[in-house]
Amino acid sequence: MKKLHVCCAALMAAVITPSFLHAQAAPNRALDGCKQNILVESVPGISNDFIRGVDISSLAEVEKHGGTFKNAQGKDADIFDILRESGVNWIRLRVWNNPTEGGGNNSVETDIPLAVRAKKAGMKLLIDFHYSDFWADPAKQTVPKKWKNLKGEQLNSAVEQFTRDSINKFAKAGASPDMIQIGNELNNGFLWPQGKIWAIENEKAGGMDRFISLLKSASNGVRSAQDGAKKKIAVHLADGANNGLYRAIFDPVTAAGLDYDVIALSFYTYFHGNTEQLKANMEDLSRRYGKELIVAETAYAFTPDDGDKQGNSFLVFSDDTTGYRPSVQGQATAVRDVIAAVASVKGGAGVFYWEPAWLPVKGAGLSKSEGCTWENQAMFDFNGRYLPSLAVWNLVGGKGEVKTVWGGSAKNGSSFTPYALTEPLEVQTTPGKNPQLPSKIKVLFTNDKEQLVSVKWNEPDWTKQNSLGTVKVTGTIAGASFAPEAEVKIVEQLNLISDPSFESGKLGEWKLDGEGASCFVENNKGNAHTGKFTYKYWKKSGFKSTLTRTVTGLANGTYILSVWAMGGGGENQILLFAENYGGNRVSAEITNTGWKNWKQYSVEIPVSNGKMTIGIYLDTNDGNWGNFDDVVLVQK
């Protein structure tokens with residue numbers, strides 16, 4: 001898992017904890033998860049030895065602090081038995097050099113008992129070396145404290161010896177690994193700065209050659225282990241749909257003759273894109289390098305709920321064509337689609353789910369001082385009860401129907417049909433004019449997947465619609481009984497602000513006087529008033545900024561400017577304002593009162609010179625955050 005994701009959860013807990021409401025489909029509440037009835041489409045041609053893996057690196061801490069797991073029959077059971085019966089055949093465990101330096105767990109000594117249990121359950125084992133004392137990922141690859149003064153061949157030797165010795169310890173305990181991951185999410189190398197590939201600004205970086213040299217030492221450590229078993233070596237990057245990144249790393253790695261067997265990818269839809277993009281990247285990698293391919297990390301939420309008030313790092317995935325509802329069904333469908341993408345690629349060997357057993361147990365969080373940010377993406381509810389989505393590992397192979405003691409179930413199914421709009425559809429027009437209703441809309445299907453479909457609207461004679469108000473229009477989707485509905489608002493004047501909800505994903509005509517890293521367009525439906533984008537602000541320290549745009553060609557008269565806002569509160573000042581309209585600045589003070597507490601603020605502007613400049617002013621304190629959406633400017 002990217003530490004960047006984890007950092008977001010730790011630093012922005014209140015900011016990005018999402019909710020999710022469809023027009024006609026409420027989200028799953030966590031306590032209802034085990035009661036859900038789901039359908040999973042099988043994956044044609046999937047082999048019996050396809051890797052159906054899970055990373056349960058946090059299990060030792062969860063169990064140490066009292067976490068337990070219940071099987072589908074509602075009985076306390078060993079999690080390895082539950083996983084095996086659900087179709088899981090591989091276990092992945094991360095290894096930190098000396099995790100006490102970072103406040104975590106997952107030393108070799110911590111992991112060996114877990115590895116032994118996995119082997120006794122008949123599962124294969126992937127060991128994920130981070131080569132760090134704590135989280136390692138694209139944003140952070142901190143050299144272990146014990147190695148910080150080692151240079152050149154000294155560091156190479158330490159990497160090789162640590163790798164070899166660790167593997168031998170697992171083997172001596174009767175848990176010889178079957179695959180070794182030499183580094184975690186190596187987008188910009190590891191063991192910084194010596195193993196860093198690309199420097200940023202004035203940073204030091206060893207460059208690609210030094211990175212590959214260290215990677216070769218790690219590979220040599222695997223090959224020189226004395227347990228006598230042939231192990232596959234995996235090289236792992238994040239951003240699984242980013243083909244340019246993978247070529248930039250694996251072209252020189254291949255040219256240098258690195259001894260490895262598997263290309264491993266992290267792929268989280270809400271960070272990295274859709275499964276078609278994943279598949280396209282993997283197909284290119286397969287042709288180009290001829291290696292086996294695995295998704296080493298993926299996940300999706302079964303609920304938007306937060307189990308421990310730490311905040312969660314999950315963001316709802318919804319692009320222009322596809323998406324998934326955060327529900328038990330949506331979680332299973334998202335995982336099934338990743339499995340299907342990997343299985344369809346030559347050399348596609350399997351998928352690992354990241355941390356399905358990370359329960360929100362106090363003491364088993366990101367570190368000794370933090371809670372869990374992942375429990376809503378587990379495959380057990382917050383109390384450790386079996387979720388029907390866990391059966392996905394069997395059901396992709398066409399077997400493993402499950403009924404839970406709480407009334408839930410999971411079985412194979414297909415021919416899913418639409419049942420709800422993904423969000424309310426509103427269109428504006430003026431009296432007597434045809435509205436621009438979309439020819440395609442995104443709807444939610446019964447597998448809780450969003451898809452784009454064609455629609456034919458049953459429209460009235462708009463030339464006769466001369467009164468202000470709302471007209472509801474229904475549509476027809478071929479082959480479906482669900483009739484989508486659109487609200488057409490007949491208004492005196494259309495909104496003069498283009499892209500009022502930032503759905504272009506860009507600031508566009510808006511101009512920012514301030515830090516782009518602190519004020520930006522965020523793609524997160526859970527934080528949006530409508531659509532999926534907002535103008536977002538957040539920074540660890542206080543700052544000031546002004547966002548403006550100028551509107552010209554106005555008829556003189558009075559205008560109303562409004563915006564919807566929500567946030568954590570505590571700012572020195574937030575203003576919605578207008579100026580340069582022929583008079584003094586007018587403004588409305590905005591007061592945020594909490595996440596999802598959306599309020600609309602407005603000002604009247606008496607324009608006398610045919611133009612105006614509108615804007616949002618921020619004067620924040622440390623850690624303040626908030627979102628703005630749906631800017632409207634109309635003539636009164």
Legend entry - Test side-chain hydrogen bond (donor to acceptor under 3.5 Å, both in side chains) applied to S266 and H236, step by step: CA-CA 8 Å; S266 286; H236 176 215; 2.8 Å; yes
Inset, instruction - Carefully, step by step, assess L265 and H272 under the rule side chain to side chain contact (heavy atoms under 4.5 Å, CB included). - result: CA-CA 11 Å; L265 309 87; H272 302 142; over 6 Å; no
Legend entry - Trace of the ring-ring contact (aromatic ring centres under 6.0 Å, His included) decision for Y324 with Y270: CA-CA 10 Å; Y324 302 94; Y270 48 87; over 10 Å; no
Inset, instruction - Run the numbers on K140 and S132 for side-chain hydrogen bond (donor to acceptor under 3.5 Å, both in side chains), then give the verdict. - result: CA-CA 10 Å; K140 186 177 183 181; S132 180; over 6 Å; no
Inset, instruction - Determine, stepwise, if the pair R247 / D284 fulfils side chain to side chain contact (heavy atoms under 4.5 Å, CB included). - result: CA-CA 9 Å; R247 285 191 175 200; D284 178 74; 2.7 Å; yes
Inset, instruction - Any chance you could lay out the side-chain hydrogen bond (donor to acceptor under 3.5 Å, both in side chains) test for N527 and T534, step after step, and finish with the verdict? - result: CA-CA 7 Å; N527 280 349; T534 60; over 6 Å; no
Inset, instruction - Might you work through the side chain to side chain contact (heavy atoms under 4.5 Å, CB included) test for F211 and L186, ending with a clear yes or no? - result: CA-CA 10 Å; F211 162 66; L186 306 177; 4.1 Å; yes
Inset, instruction - Mind running side chain to side chain contact (heavy atoms under 4.5 Å, CB included) on D320 and K532 for me, showing each step along the way? - result: CA-CA 10 Å; D320 291 338; K532 59 183 178 180; 3.6 Å; yes
Legend entry - Trace of the side-chain hydrogen bond (donor to acceptor under 3.5 Å, both in side chains) decision for D630 with T530: CA-CA 7 Å; D630 296 324; T530 63; 2.7 Å; yes
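Under a 3.5 Å cut-off, the side chain of N242 and the backbone N or O of L245 do form a donor-acceptor pair. For Q36 (side chain) and G408 (main-chain N/O), no donor-acceptor pair under 3.5 Å exists by modelled atom type. With Y246 contributing its side chain and A241 its backbone, the two residues share no donor-acceptor pair below 3.5 Å. Panel note: side chain D319, backbone G273; no donor-acceptor pair is recorded below 3.5 Å. The backbone N or O of G371 lies less than 3.5 Å from no partner atom in the side chain of D308, so there is not a single donor-acceptor pair. Side-chain atoms of N376 do not come within 3.5 Å of backbone N or O of D306 as any donor-acceptor pair. A donor-acceptor pair is defined here as one N or O able to donate and one able to accept, closer than 3.5 Å; no such pair exists between the side chain of E401 and the backbone of L395.
Considering every non-hydrogen atom in both S454 and K440, the closest pair reads OG-CE, 3.6 Å. Closest approach of R52 and N89 over heavy atoms only: N-OD1, 2.8 Å. Across all non-hydrogen atoms, the minimal contact from V351 to W393 is O-CZ3, 3.9 Å. Across all their heavy atoms, P438 and W457 have their closest contact at O-NE1, 2.7 Å. Closest approach of L258 to L215, counting heavy atoms only: CD2-CD2, 3.5 Å. The two residues Q377 and A299 have their closest heavy-atom pair at OE1-CB, 3.4 Å.
How far CD of E276 is from OG1 of T321: 8.5 Å, rounded to the nearest 0.5 Å. A distance of 12.5 Å separates NZ in K35 from CG in L387, rounded to the nearest 0.5 Å. For the atom pair CZ (F482) and CG (L421), the distance works out to 4.5 Å, reported to the nearest 0.5 Å.
Taking 4.0 Å as the cut-off between side-chain N and carboxylate O, R29 and D32 do not count as a salt-bridged pair. At a threshold of 4.0 Å, the pair K449-E41 does not count as salt-bridged, since none of the basic side-chain nitrogens sits closer than that to a carboxylate oxygen. Salt-bridge check for R92 with E297: passed, with a basic side-chain N closer than 4.0 Å to an acidic carboxylate O. With respect to the salt-bridge test (charged N to carboxylate O, under 4.0 angstrom), the residues R288 and D251 qualify.
D178 pairs by the salt bridge (charged side-chain N to carboxylate O under 4.0 Å, His left out) definition with K119, not counting sequence neighbours. When the side chain to side chain contact (heavy atoms under 4.5 Å, CB included) test is applied to T476, the partners found at least two apart in sequence or on another chain are N458. Residues meeting the side-chain hydrogen bond (donor to acceptor under 3.5 Å, both in side chains) test with D629, sequence neighbours left out: S501.
Classified by interplanar angle (parallel below 30°, tilted 30° to 60°, perpendicular above 60°), the ring pair W510/F502 is tilted. Relative ring orientation between F271 and Y268 is described as perpendicular, the plane-to-plane angle rising above 60° on a 0-90° scale split at 30° and 60°. Using the six-membered ring where Trp is involved, W354 and W358 have ring planes that are perpendicular, over 60° apart on the 30 and 60° scheme.
Between N447 and L39 there is no side-chain heavy-atom pair separated by less than 4.5 Å. Counting heavy atoms from C-beta outward, I56 and L83 have side chains that approach closer than 4.5 Å. Looking at heavy atoms from C-beta onward, I182 lies in side-chain contact with V235 at the 4.5 angstrom threshold.
Between the side chains of N627 and E522, a donor-acceptor pair is found at a separation under 3.5 Å.
Dense packing is recorded around CD of E426, with more than 12 heavy atoms of other residues, nucleotides or ligands lying under 6.0 Å away.
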